Protein chains: 2
Amino acid sequence: MTPQRPTMNDVARSAGVSLKTVSRVVNGETTVAPDLAARVQAAVASLGYRQHLGASMLRRNDRRTRTIGMLLEDVSNPFSAAVHRAIENEARGRGVQVLTGSLDEDPQRERDLAAAFAERQTDGLILAPTGADLGHLAAHTAMPVVFVDRTPTGTTGDTVISTNVSGAAGAVRHLVARGHRRIAFLGDHRRLSTARDRHLGYERALGRRAGPVVHDLHDPLAAERATIALLRGPEPPTAIFAAQNTITIGVVRALRRLGRAHSVALVGFDDFPLADLLDPPVTVVAQDPARMGGAAAEALFERIAGYDGPPREIRIPTTLIPRGSGEL
Amino acid sequence: MTPQRPTMNDVARSAGVSLKTVSRVVNGETTVAPDLAARVQAAVASLGYRQHLGASMLRRNDRRTRTIGMLLEDVSNPFSAAVHRAIENEARGRGVQVLTGSLDEDPQRERDLAAAFAERQTDGLILAPTGADLGHLAAHTAMPVVFVDRTPTGTTGDTVISTNVSGAAGAVRHLVARGHRRIAFLGDHRRLSTARDRHLGYERALGRRAGPVVHDLHDPLAAERATIALLRGPEPPTAIFAAQNTITIGVVRALRRLGRAHSVALVGFDDFPLADLLDPPVTVVAQDPARMGGAAAEALFERIAGYDGPPREIRIPTTLIPRGSGEL
DNA sequence: GTGAAAGCGCTAACAT
DNA sequence: ATGTTAGCGCTTTCAC
């Protein structure tokens, strides 16, 4: 015996008008006589009527749910969380809500969640791809997709990425200019375009003089172990370029443990909170996740509005922030 | 001339069966002859058919959208982000998606977003209240609400909170046990139940000997300024209890600037990433945001499933983590 | 300016 | 086991 939520019909009966008149008032059409409109408003207020957006969109011509989907690596990591917030900010002004999901680098979840969003008729999707083939997205023709942080595999679309190659090259050149010759690269899964691009920048900066390279690190612990192994190895590097923020943190922990924080230089890709309060403060190539999320959302809303040009690549510049660890 | 998304009718025609048979197959009912089912599956696959969840829920008896809403202070702050992730994890196993929003302490946004979610027929809502009156939630009778992090004003419901009073009291007693007698309290907006409760714990631990108290700080900068003012004041505290993580960070910055990081003790409420890598490492009363989010989601899904008991208060214990700054 | 009828894509209830 | 009819809450179309 729950009190049923009132429908337009209830409002119409209560106001003594036709259903259609209520619909007109609720949708702000101006072709309703003022007195009728007032009666309808009163009935809406007294019954606590709220439009049923699902039913409305079902019949409507534009078929918009005013909802978009967002799939990132992990909503709880600072980079993803900042992107998320920026997307929300763009959506807010448009009265659009955001469905979110974390992929944890799992292509299966990527497929399932994209499908779950499509079943819910989200107007569009912003996706940080896991690196797996995205051919399955073609099934959801009504849902434009914009990629963020990483370039897609097996499909195309507007893509918002950092200037990974030049940013990484700049970081490494910064170390070279400080006299370092043996500079290690610690990187994320090679499957990811970000890891590949940052490695490419590293190689461009060093050429044949490239130092030890460790790939496929993905959490601080793995990075910490890799760092320790490198520094205890036969030809220890004098500087380290960490291609991702979780890796940077692992390297910091390792240098601390070995008491080498002030003797081995470090530059990390992607800034992180409190990097300036560590000892030494950590030099980073900062990305601009807020701008990335904002640009991705803007591009998506253009697509939703019907823009039909060729796929665009939007490159967000990175900034080297020298704080100390890279200037030893 | 977009290729229209196929409907059940298209599938039925293509498979040579009735619409209802397709519905049965799609919904996994077992009362369909194997050969017909196979034909339907084939047609579904070849047309790329996907169920329209909105239309389905409109007609269905249970009227579930398999979507919940989540409104936190700011999805990009680490505490909210961890709660978010835990909620997502609970939802994931149930095939439920999560709509998210940031309130920025704005009661207007709280009202608007709750209404926007209700219009979208979310099955329930998890809310970290801004502190304003929540009487408006009564309008959305079909949407159960569970509160997280803060207790609600003007309404009741299941609430998941940290043991704020005892956690704060424990932190302050920890400082007292180290010999501190002049202990300052730096807190968030008094409107918030968390700020009030932590202040209460502080007072319980100190009684009449309570030190200087500063309320209504909300960002690191305000906390930094307040700390500097206190330490330059007539009777500077020997220890500081920071009642929130953004405040803690502001205090750390202030102590650094004044060169007092090793002479003024600090305990913060709520842990934060890299607290252990600062100098000195920051002693905190850690909350368990993951457990809070998980408990809130569990409670909500029980309500959605029809549980109708009285409002529950679920208290998640805090843990004092001595790292150095509180043991000077 | 207002309303009646049709129907969006789907499932419930009731046949057969 | 399969199909038919009605209708969820709403907007469209078209008549008045």
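Residue numbers start from 1 in every chain, and the chains themselves are labelled A, B, ... in the order their sequence lines are given, proteins ahead of strands. Here the structure is a predicted model, which means the values were calculated and not measured.
OP1 or OP2 of C:dT11 sits under 4.0 Å from a side-chain N or O of B:Asn27. An OP1 or OP2 oxygen of D:dG9 is reached within less than 4.0 angstrom by no side-chain nitrogen or oxygen of A:Thr7. Under 4.0 angstrom from either OP1 or OP2 of D:dG9 there lies no side-chain N or O belonging to B:Gln121. The phosphate of C:dC10 (OP1 or OP2) has no side-chain N or O of B:Ser56 nearer than 4.0 angstrom. Proximity of A:Thr21 to the phosphate of C:dT2: no side-chain N or O atom is located under 4.0 Å from OP1 or OP2. Note on B:Arg60: a side-chain N or O is less than 4.0 Å away from OP1 or OP2 of C:dT11.
Between the CZ atom of B:Arg63 and the C1' atom of C:dC10 there is a distance of 12 Å, rounded to whole Å. Atom NE2 of B:His52 is separated from atom P of C:dG7 by 18 Å (rounded to the nearest Å). Regarding A:Asn61, its CG atom lies at a distance of 13 Å from the C1' atom of D:dC10, rounded to whole Å. Distance CD (A:Glu29) to C1' (D:dT12): 10 Å, rounded to an integer number of Å. One can place CZ of A:Arg50 at 16 Å from C1' of D:dC10, the figure rounded to the nearest angstrom. Here D:dT13 presents its P atom at 8 Å from CZ of A:Arg59, a figure rounded to the nearest Å. Distance, A:Asp62 CG to C:dC8 P: 16 Å, rounded to whole Å. In this entry the distance linking CZ of A:Arg5 with C1' of D:dG9 reads 10 Å, nearest Å.
In this model, no donor atom of one side chain and acceptor atom of the other lie less than 3.5 Å apart for A:Thr67 and A:Gln97.
The B:Leu58 side chain lies nearest to D:dG9 when the options are C:dG1, C:dC10, D:dG9. When distances are taken from the side chain of B:Ser18 to each of D:dT4, C:dG9, C:dT11, the shortest belongs to D:dT4. The side chain of A:Lys20 has D:dT12 as its nearest neighbour among D:dT12, C:dA4, D:dT11.
As judged by a 4.0 angstrom heavy-atom cut-off over every strand, B:Arg24 is placed among the base-contacting residues. A:Asn9 comes within contact range of no nucleotide atom at all, as no heavy-atom separation falls under 4.0 Å. Using a 4.0 Å heavy-atom cutoff across all strands shown, A:Leu36 reaches sugar-phosphate atoms only and no base atom.
Between A:Leu19 and B:Gly16, it is B:Gly16 whose nearest contact on DNA chain D lies nearer the 5' terminus.
For the side chain to side chain contact (heavy atoms under 4.5 Å, CB included) criterion with B:Ser23, the lone passing option out of B:Met8, B:Gln51, B:Arg59 is B:Met8.
Between B:Glu298 and B:Arg303 there is no salt bridge, since no side-chain nitrogen of the basic residue lies less than 4.0 Å from a carboxylate oxygen of the acidic one. The pair B:Arg109-A:Glu88 counts as a salt bridge, with a side-chain nitrogen and a carboxylate oxygen less than 4.0 angstrom apart.
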Checking A:Arg64 against A:Ile304 for the side chain to side chain contact (heavy atoms under 4.5 Å, CB included) test, could you report, in this order, the C-alpha distance in whole Å, the side-chain angles of both residues, the deciding distance, and whether it holds?
CA-CA 9 Å; A:Arg64 294 279 158 74; A:Ile304 291 172; 3.8 Å; yes
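A:Thr122 has its side chain within reach of A:Leu99: a pair of non-hydrogen atoms, C-beta onward, lies under 4.5 Å apart.
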